[in-house]
Number of protein chains: 2
Amino acid sequence: MPTAHPSSPEPLPAPPQLSTMETAVIDVFVSAVKLIGLPKSIGEIYGLLFSSPLPLTLDALVLRLSISKGSASQGLKVLRSVGAVRPVYVAGDRRDHYAAETELKKLVAGFIREELQPHLDSGSERLAHLRQLLACSHPDDSGFLASRISKLGQWHTRSKSVLPLLTGLLD
Amino acid sequence: MPTAHPSSPEPLPAPPQLSTMETAVIDVFVSAVKLIGLPKSIGEIYGLLFSSPLPLTLDALVLRLSISKGSASQGLKVLRSVGAVRPVYVAGDRRDHYAAETELKKLVAGFIREELQPHLDSGSERLAHLRQLLACSHPDDSGFLASRISKLGQWHTRSKSVLPLLTGLLD
DNA sequence: CAAATTGTTCAAATTTTCTTGAACTCTGCG
DNA sequence: CGCAGAGTTCAAGAAAATTTGAACAATTTG
């Protein structure tokens with residue numbers, strides 16, 4: 001903003017650098033997302049939105065977090081997909097504004113649906129493949145393997161039934 | 001094995017390269033451990049042990065999986081720590097032999113204890129830090145932040161109570 | 001419609017994480 | 001003792017994941 005105008009167009013100038021508090025909150029979320037195997041930038045984005053009383057635009061995230069537009073765009077895509085972030089309509093602004101979803105149950109449900117379920121599903125196929133291999137295999141040593149594949153099947157069934165239950169335990 | 005002897009010293013020669021079945025089983029575990037954020041080699045080791053009717057030594061893992069002794073050692077260390085692998089005494093062999101633990105409940109409990117709990121614990125400290133920052137902060141804008149930090153506290157409490165419960169749902 | 005604004009994509013660069021291998025420790029054995 | 005076998009450690013190299021940035025869509029506006 002080279003030209004100085006008497007009245008800023010933005011409602012709030014939004015301090016360019018993060019406050020101690022914001023940094024500390026973001027830090028919590030960065031650890032959390034890394035724990036569940038998501039990139040740091042996603043924790044930063046969610047953390048800043050979580051700390052913000054007003055919904056923020058992609059530009060604001062780029063500016064305040066010093067991350068690239070590409071990262072912000074990709075990060076928001078993931079956060080939207082798991083329902084961790086909600087687009088908020090703001091009158092007279094073409095840009096998308098985002099707010100953090102703070103209902104733990106929703107966050108966990110979204111994560112399970114988008115990140116965990118797909119793996120369980122591909123697990124079904126792999127399990128089928130294993131059973132097919134077992135059928136062809138040398139009958140001699142198949143006894144032990146049969147028991148192990150059966151065990152895998154038990155795990156799979158159990159996981160499929162427990163994961164959805166997890167959501168119910170929250171909130 | 002350049003020299004051919006009439007009788008092998010090992011009980012079973014253990015085919016140097018993996019069978020189709022073993023590869024498929026290992027593949028399942030490699031995906032699984034990557035999902036929970038552990039290195040591939042750990043999935044390979046556990047997968048081979050899971051497929052093996054007999055406990056295996058570190059050397060056997062190195063040979064059959066074509067991984068380095070260092071990887072095998074470190075991988076076994078993690079697997080031991082979460083209780084995914086059990087040392088088995090074998091008479092007349094100084095080497096450690098390992099068998100896969102196949103009780104899902106134990107595996108999950110071990111993972112929670114070793115990998116998840118520590119993060120929840122450090123979370124307590126960070127939360128305390130946040131509350132301390134809040135106390136110092138500008139009273140004006142502290143209203144919103146106070147509510148968010150309170151929300152974080154709720155999440156934390158909830159997680160601490162739910163994680164242990166999870167174990168109970170299995171088996 | 002042309003220009004400007006917003007957001008997306010993706011190959012290349014960077015950063016992070018994992019793996020390797022050689023040096024080291026620790027035991028047991030002769 | 002000193003050697004040999006088994007396992008660990010850790011710095012350096014290799015591999016994998018993330019981030020960047022610039023080109024590209026898509027939309028709105030004048």
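Please read these numbers as outputs of a predicted model, since none were measured by experiment. Here is how names work: the chains are called A, B, and so on, in the same order as the sequence lines, proteins then strands, and each is numbered from 1.
For A:Ser81, there are no side chain to side chain donor-acceptor pair (under 3.5 Å) partners at least two apart in sequence or on another chain. Contacts of A:Asp93 classified as side chain to side chain donor-acceptor pair (under 3.5 Å), with partners at least two apart in sequence or in another chain: A:Arg95, A:His97. Partners of B:Ser124 by side chain to side chain donor-acceptor pair (under 3.5 Å), not counting sequence neighbours, listed by chain and number: B:His156. Residues satisfying the salt bridge (charged side-chain N to carboxylate O under 4.0 Å, His left out) test with A:Arg126, not counting sequence neighbours, are B:Asp27. Legend: residues meeting side chain to side chain contact (heavy atoms under 4.5 Å, CB included) with A:Ser137, ordered by chain and number and at least two apart, are A:Leu134, A:Ser142.
Between B:Leu76 atom CG and D:dT8 atom P the separation is 7 Å, expressed in whole Å. Protein atom CZ of B:Arg80 is 12 Å distant from nucleotide atom C1' of D:dA6, rounded to whole Å. Here the P atom of nucleotide D:dG5 and the CG atom of B:Asp59 are 11 Å apart, to the nearest Å.
Residue pairs satisfying the salt bridge (Lys or Arg N to Asp or Glu O under 4.0 Å) criterion with at least one member in residues 146-162 of chain B, sequence neighbours excluded, are absent. Applying the salt bridge (Lys or Arg N to Asp or Glu O under 4.0 Å) test to residues at least two apart or on different chains, none of the pairs has a partner in residues 71-84 of chain B. Sorted by first and then second residue, the side chain to side chain donor-acceptor pair (under 3.5 Å) pairs with a member in residues 109-122 of chain A form an empty list; sequence neighbours excluded.
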* To do: Mark up nucleotides 16-21 of chain D, 5' to 3', with B wherever a protein heavy atom is under 4.0 angstrom from a base atom, S wherever such an atom reaches only the sugar-phosphate, and - elsewhere.
  => -SSBBB
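Bounding nucleotides for the chain A contact on DNA chain C, 5' to 3', at a heavy-atom distance below 4.0 Å, are C:dT5 to C:dT17.
When the side chains of ILVMFWY residues are joined at heavy-atom separations under 4.5 Å, either directly or via intervening members, B:Val82 and A:Trp155 end up in two distinct hydrophobic clusters.
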What side-chain donor-acceptor pairs closer than 3.5 Å can you find for residues 43-52 of chain B, not counting sequence neighbours?
unit_1  : atom_1 : unit_2   : atom_2 : d
B:Tyr46 : OH     : B:Glu101 : O      : 2.5
B:Ser51 : OG     : B:Gly47  : O      : 2.8
B:Ser52 : OG     : B:Leu54  : N      : 3.3
B:Ser52 : OG     : B:Leu54  : O      : 2.5

Under 3.5 Å between N/O atoms: give me all the protein pairs with nucleotides 28-30 of chain D, atom names plus distance.
none

